[in-house]
Amino acid sequence: MSGDHVPWPPEVAARHRAAGHWRGQTFGALLTSLASAYAERTAVVGGDVRWNYTELDERAHRIAAGLADAGLAPGDRVVLQLPNIPEFLPVVFGMWRAGLVPVFALPAHRHSELRYFAAHSEAAAIVTVGEHERHDHAATARAVASDVDSVRRVLVVGSEEFADLAAAEPRELPDPDPEGVAFLQLSGGSTGMPKLIPRTHDDYIYSVRESARICALRPDSVYLAALPVAHNYPLSSPGVLGALHAGAAVVMAPRPDADTAFRLIEAERVTITGVVPPLAAAWVQAAARTERDLSSLEVLLVGGAKCGRELAERIGPALGCRLQQVFGMAEGLVCYTRLDDPEETVLGTQGRPISPDDEVRVVDPDTGADVAPGETGALLTRGPYTIRGYYRAEEHNAAAFTPDGFYRTGDLVRRRPTGHLEVVGRAKEQINRGGEKVAAEEVENHLMAHPGVLDAAVVAVPDPYLGERTCAYVVPAAGASPTGPELRGFVRERGVAAFKVPDLVQVVERFPVTGVGKTSKRELRAALAALARTKE
Ligand code: J2J
């Protein structure tokens with residue numbers, strides 16, 4: 001995949017190796033060592049399944065062999081779309097052992113997103129499930145396969161065909177390059193479709209290992225995977241991979257609602273889990289009237305979107321556990337409040353970076369100059385597990401990274417003298433819908449495909465539950481009068497994740513003119529967002 005991803009400069013890579021951050025181990029080799037250390041201990045639980053580390057390891061070996069037998073070759077990209085089922089883990093480790101490169105789609109993604117992931121990565125296969133939550137994933141995958149020439153196989157976990165594949169005789173396969181791309185994660189995106197994020201074995205294992213340490217995971221910890229595990233946060237912060245790294249048990253929750261989660265917390269004596277703020281709020285409410293025993297819960301991570309002070313204060317008393325804030329991004333940088341931080345820091349900041357070698361700059365968004373300590377500015381970051389470029393995105397990379405390799409996060413932050421960051425806002429054209437990221441431009445493009453739409457601008461409006469919701473302002477084409485419900489239905493039918501369908505649609509005769517001459521989409525969005533706020 002050389003040329004597709006931007007590696008760290010050789011002297012920087014050498015530094016990360018010398019510092020012991022990058023240890024030259026692949027995920028396949030990691031699982032082998034975990035299996036020998038924690039053999040009989042429970043690795044993953046879900047539904048009727050309970051596999052120990054030896055069983056997980058053996059399954060991953062068989063699946064690796066089966067995938068190789070199915071004609072998939074090292075370096076092949078494979079779009080992976082699985083919900084929170086135990087099979088997620090042996091399938092992913094099996095892919096890693098076979099040298100395949102999973103592209104981590106979310107269960108919410110539909111035809112339009114999957115087609116883009118498959119086409120952009122020239123994926124050789126799609127691995128998915130059959131019917132799940134009233135959606136036929138296998139049918140969508142087959143439709144995508146018929147649209148995208150590179151896709152040769154659709155493999156459906158739970159089918160007989162997959163069971164045969166997963167019964168293959170295990171054999172040693174060549175271990176991939178630990179500094180090579182292990183998988184493609186998805187960006188929240190701000191322009192067009194989500195960008196693909198190439199992460200290496202070395203860089204990701206470093207972030208997972210340190211996350212497990214910072215969150216104090218130990219072999220008798222039990223991690224509940226409440227959010228969709230393909231997402232970077234429940235995957236790695238510390239997530240299911242952090243839990244395995246520590247020899248802990250992973251419990252897969254089919255849904256994140258309080259009833260399901262509390263039942264599993266009680267039944268499996270869950271010690272730690274991670275949620276987004278709206279879910280934390282729902283759990284806090286539900287905790288007041290639950291009969292479930294939540295006393296095993298020690299730590300609740302909250303992140304993905306800003307956890308407001310009021311909510312932060314309620315979590316400990318309501319759930320009887322400690323709050324740990326996490327501010328991260330699939331591109332790399334992850335910040336945690338530490339378990340021994342003073343209460344004020346835990347309640348009032350989003351944490352500090354994992355690594356002493358994470359470089360953080362807070363700059364004036366217009367001039368690019370560093371702001372005075374404690375002032376608000378745009379967050380730039382560079383470090384041992386933050387990418388230097390998106391996958392196959394040369395043009396976008398020129399804007400998203402500084403010439404010296406800092407990633408422009410698009411977040412506005414303040415930094416305290418301790419290094420803790422407070423996230424105070426956002427400079428990117430994205431809506432953070434309770435942790436689910438919506439790129440304004442992607443939704444605008446869908447709306448503008450409607451014949452009755454001349455122009456569209458999608459902005460965030462404040463929402464008491466989700467933090468933000470999407471509002472689409474639409475100017476109709478001459479003679480057309482599209483309605484809100486019609487446009488929402490239109491976007492949905494184009495095959496997009498449900499969380500991207502605009503929550504509100506405002507049809508307006510024309511957009512406000514914000515500046516002199518030609519209005520930039522950016523200024524227009526700012527003006528409309530201000531207008532939307534005053535209407536609240
Ligand atoms: C405010 N904004 C936040 C927070 C993320 C751990 C945790 C989260 C993600 C994630 C992740 C925030 N307060 N606590 O990958 O490993 C917003 C910021 C950020 C963007 C990244 C992880 N935590 N955010 O959310 O790639 O705007 O990763 O740049 O989905 O979410 O989104 P994503």
Side-chain angles (χ1 to χ4, degrees), residues 104-106 108-109 183-190 194-197 199 203-204 206-208 210-212 214-215 225-242 273-280 300-309 311-312 315 323-337 346-355 358 360 376 378-381 383 385-387 390 400 407-414 420-440 460 466-468 497 499:
F104 283 120
L106 296 172
H109 287 134
F183 59 89
L184 297 169
Q185 190 48 276
L186 307 180
S187 78
S190 54
K195 300 287 171 289
L196 302 183
I197 298 171
R199 302 290 303 256
D203 91 73
Y204 209 64
Y206 172 50
S207 75
V208 163
E210 287 303 297
S211 293
I214 290 166
C215 300
L227 301 172
V229 279
H231 186 273
N232 197 59
Y233 169 21
L235 188 65
S236 68
S237 299
V240 297
L241 295 177
T273 182
V275 295
V276 289
L279 199 52
L300 183 71
L301 288 123
V302 181
K306 174 80 176 263
C307 177
R309 178 87 193 200
L311 174 61
I315 286 168
L323 165 67
Q324 186 168 27
Q325 296 213 38
V326 53
F327 160 50
M329 53 207 72
E331 286 81 358
L333 182 72
V334 180
C335 301
Y336 296 97
T337 56
V346 174
L347 297 175
T349 79
Q350 280 61 57
R352 64 179 168 85
I354 288 180
S355 173
D358 280 320
V360 162
T376 297
L379 171 66
L380 310 184
T381 187
Y385 60 94
T386 296
I387 57 162
Y390 291 103
Y407 167 55
R408 301 181 198 273
T409 66
D411 293 311
L412 299 177
V413 302
R414 261 196 305 264
H420 288 80
L421 301 177
E422 271 173 78
V423 181
V424 295
R426 193 177 52 226
K428 55 190 166 189
E429 309 286 282
Q430 186 184 75
I431 297 95
N432 190 333
R433 209 175 166 279
E436 292 185 306
K437 314 304 184 312
V438 180
L466 290 171
E468 295 178 0
F499 64 81

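The structure displayed is predicted, hence computed values, not measured ones. As the structure lists them, so they are numbered: ligands from 1, and atoms in each ligand from 1.
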A.B. asks: In the protein, what heavy atom is nearest to atom 23 (N) of ligand 1, and what distance, to one decimal place, separates them?
C.D. replies: G304 N, 3.0 Å
A.B. asks: As an exercise, state the distance from CZ of R408 to OG1 of T381, rounded to the nearest 0.5 Å.
C.D. replies: 13.0 Å
A.B. asks: Under 3.5 Å between any N/O of H231 and any N/O of ligand 1: does that happen in this structure?
C.D. replies: yes
A.B. asks: For ligand 1, which is the ligand I care about here, please tell me if V334 has any N or O atom under 3.5 Å from one of the ligand's N or O atoms.
C.D. replies: no
A.B. asks: Where is the nearest protein heavy atom to atom 9 (C) of ligand 1: which residue, which atom, and how far?
C.D. replies: G328 O, 3.3 Å
A.B. asks: Taking 4.0 angstrom as the limit and counting only heavy atoms of G303, give me the atoms of ligand 1 inside it, by number and element.
C.D. replies: 14 (N)
A.B. asks: Got a salt bridge between E468 and R426, using NZ or NE/NH1/NH2 to carboxylate O under 4.0 Å?
C.D. replies: yes
A.B. asks: Go through the side-chain N and O atoms of S236 and Y204 and say whether any donor and acceptor fall under 3.5 Å apart.
C.D. replies: yes
A.B. asks: Are V302 and V276 packed together at the side-chain level, in the sense that at least one heavy-atom pair is separated by less than 4.5 angstrom?
C.D. replies: no
A.B. asks: For ligand 1 and R426, I'd like to know whether there is a polar contact (N/O to N/O, distance under 3.5 Å).
C.D. replies: no
A.B. asks: Could you list which atoms of ligand 1 come closer than 4.0 Å to a heavy atom of K306?
C.D. replies: 1 (C), 2 (N), 13 (N)
A.B. asks: Provide, to 0.1 Å, the distance between atom 26 (O) of ligand 1 and the closest protein heavy atom, together with that atom's residue and name.
C.D. replies: A330 N, 3.0 Å
A.B. asks: Taking the side chain from K306 and the backbone from V423, do they hold a donor-acceptor pair closer than 3.5 Å?
C.D. replies: yes
A.B. asks: Without swapping roles, check the side chain of Q430 against the backbone of K437 for a donor-acceptor pair under 3.5 Å.
C.D. replies: no
A.B. asks: Check this for me: does any side-chain nitrogen of one of E422 and R414 sit under 4.0 Å from a carboxylate oxygen of the other?
C.D. replies: yes
A.B. asks: Closer than 4.0 angstrom, basic N to acidic O: yes or no for K428 and D411?
C.D. replies: yes
A.B. asks: Test your reading of the structure: does N232 have an N or O sitting under 3.5 Å from an N or O of ligand 1?
C.D. replies: yes
A.B. asks: As a check for students: among Q185, K437, M329, E436, identify the option with a heavy atom nearest to atom 25 (O) of ligand 1.
C.D. replies: K437
A.B. asks: Of all the non-hydrogen atoms in the protein, which one sits nearest to atom 16 (O) of ligand 1, and at what distance?
C.D. replies: S237 OG, 2.7 Å
A.B. asks: Any nitrogen or oxygen of Q350, main chain or side chain, under 3.5 Å from a nitrogen or oxygen of ligand 1?
C.D. replies: no
A.B. asks: For a quick check under 3.5 Å, do S211 and Y336 share a side-chain donor-acceptor pair by atom type?
C.D. replies: yes
A.B. asks: Determine, considering heavy atoms only, which of D411, I197, V326, L421 sits nearest to atom 27 (O) of ligand 1.
C.D. replies: D411
A.B. asks: Under 4.0 Å, heavy atoms only, figure out whether ligand 1 is touched by the backbone of N432, its side chain, both or neither.
C.D. replies: side chain
A.B. asks: Should L186 and H109 be marked as a side-chain contact (heavy atoms from CB on, under 4.5 Å) after you check the CA-CA gap, both sets of side-chain angles, and the distance that decides it?
C.D. replies: CA-CA 11 Å; L186 307 180; H109 287 134; 3.4 Å; yes
A.B. asks: Compute the shortest N/O to N/O distance between E331 and ligand 1 and return yes if it is under 3.5 Å, no if not.
C.D. replies: no
A.B. asks: Counting non-hydrogen protein atoms only, what is the nearest one to atom 4 (C) of ligand 1? Give residue, atom name and distance.
C.D. replies: A305 O, 3.4 Å
